[in-house]
Amino acid sequence: AQSVTQLDSQVPVFEEAPVELRCNYSSSVSVYLFWYVQYPNQGLQLLLKYLSGSTLVKGINGFEAEFNKSQTSFHLRKPSVHISDTAEYFCAVSDPRRGGSYIPTFGRGTSLIVHP
Amino acid sequence: EPEVTQTPSHQVTQMGQEVILRCVPISNHLYFYWYRQILGQKVEFLVSFYNNEISEKSEIFDDQFSVERPDGSNFTLKIRSTKLEDSAMYFCASSEAEGGGYTFGSGTRLTVV
């Protein structure tokens, strides 16, 4: 079964600074990768996804992520954060090929805290 | 933009009681899911539902849990006899196809006392 590691439980950053939220997964085979955001008292919203093709994926709200197969990573980045980016961010991975499951496994989440 | 709607937003129930959590998925979606998130812990998969039957379920989804699509719009999760450890945020999600990313509802916070 897949496992997902989000290395940082909390990332504090100042407004307009760049940020990287780290995500590593367990399998080296082909996977589908996702980042979701959860604003306070809301559900999860899909930020971006990698299914195939270009390893650099652009999502909503200025976020992007890069799939690195050799390092089994899918780190999320934003060059300049806003106060409104304060939220919980979840990395998720599914492994549907070779008889695996489409159901994504989620990481524990990283709390991004943007300070003015 | 289409939404997944969950009701109620918060439910408090006595231990041993039955609860039904309700969800209205996006109308043209074919795949439906329940996840839960215990406070401070990760989002855990419970069950997926397609073509009027369970397609996949986790170890958490034991005999106390059941799902149903009673009509063309609702998708429900029933917990037969709630335990204290069932207290969590329960999220419903739907998708057009397998694997492409889900649309989640805002969740139902279930508190078992």
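Within every chain, numbering begins at 1; the chains are lettered A, B, ... in the order of the sequence lines, protein sequences first and strands thereafter.
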Can you tell me how far the NZ atom of B/Lys42 sits from the SG atom of A/Cys91, to the nearest 0.5 Å?
11.5 Å

Interchain contact, B/Gln37 with chain A, by part (heavy-atom threshold 4.5 Å):
side chain

Region of B/Glu56 that comes under 4.5 Å of a non-hydrogen atom in chain A
side chain

Quick check on the interface: out of A/Pro104, A/Gly109, A/Gly107, A/Ser94, who has the most heavy-atom pairs with chain B under 4.5 Å?
A/Pro104

Against chain B, label A/Gln6 side chain, backbone, both or neither, depending on which of its atoms sit under 4.5 Å from a heavy atom there.
neither

Does any pair with a residue in residues 80-94 of chain B pass side chain to side chain donor-acceptor pair (under 3.5 Å), and if so which ones, sequence neighbours excluded?
B/His29-B/Ser94

Any chance CD of B/Glu3 has more than 12 other-residue heavy atoms, nucleotides or ligands included, within less than 6.0 Å?
no

Count the heavy atoms belonging to other residues, nucleotides or ligands that lie under 6.0 Å from CG of B/Leu39, then report whether that count exceeds 12.
no

Can you tell me if CG on B/Asp63 sees more than 12 non-hydrogen neighbours from other groups inside 6.0 Å?
no

Quick one: name the residues clustered hydrophobically with A/Ile103, using the 4.5 Å side-chain heavy-atom rule over I, L, V, M, F, W, Y, and just say none if it's on its own.
A/Tyr32, A/Phe34, A/Tyr36, A/Leu44, A/Leu46, A/Leu51, A/Phe90, A/Tyr102, A/Phe106, B/Leu30, B/Tyr31, B/Tyr33, B/Tyr35, B/Val43, B/Phe45, B/Tyr50, B/Met89, B/Phe91, B/Tyr102, B/Phe104

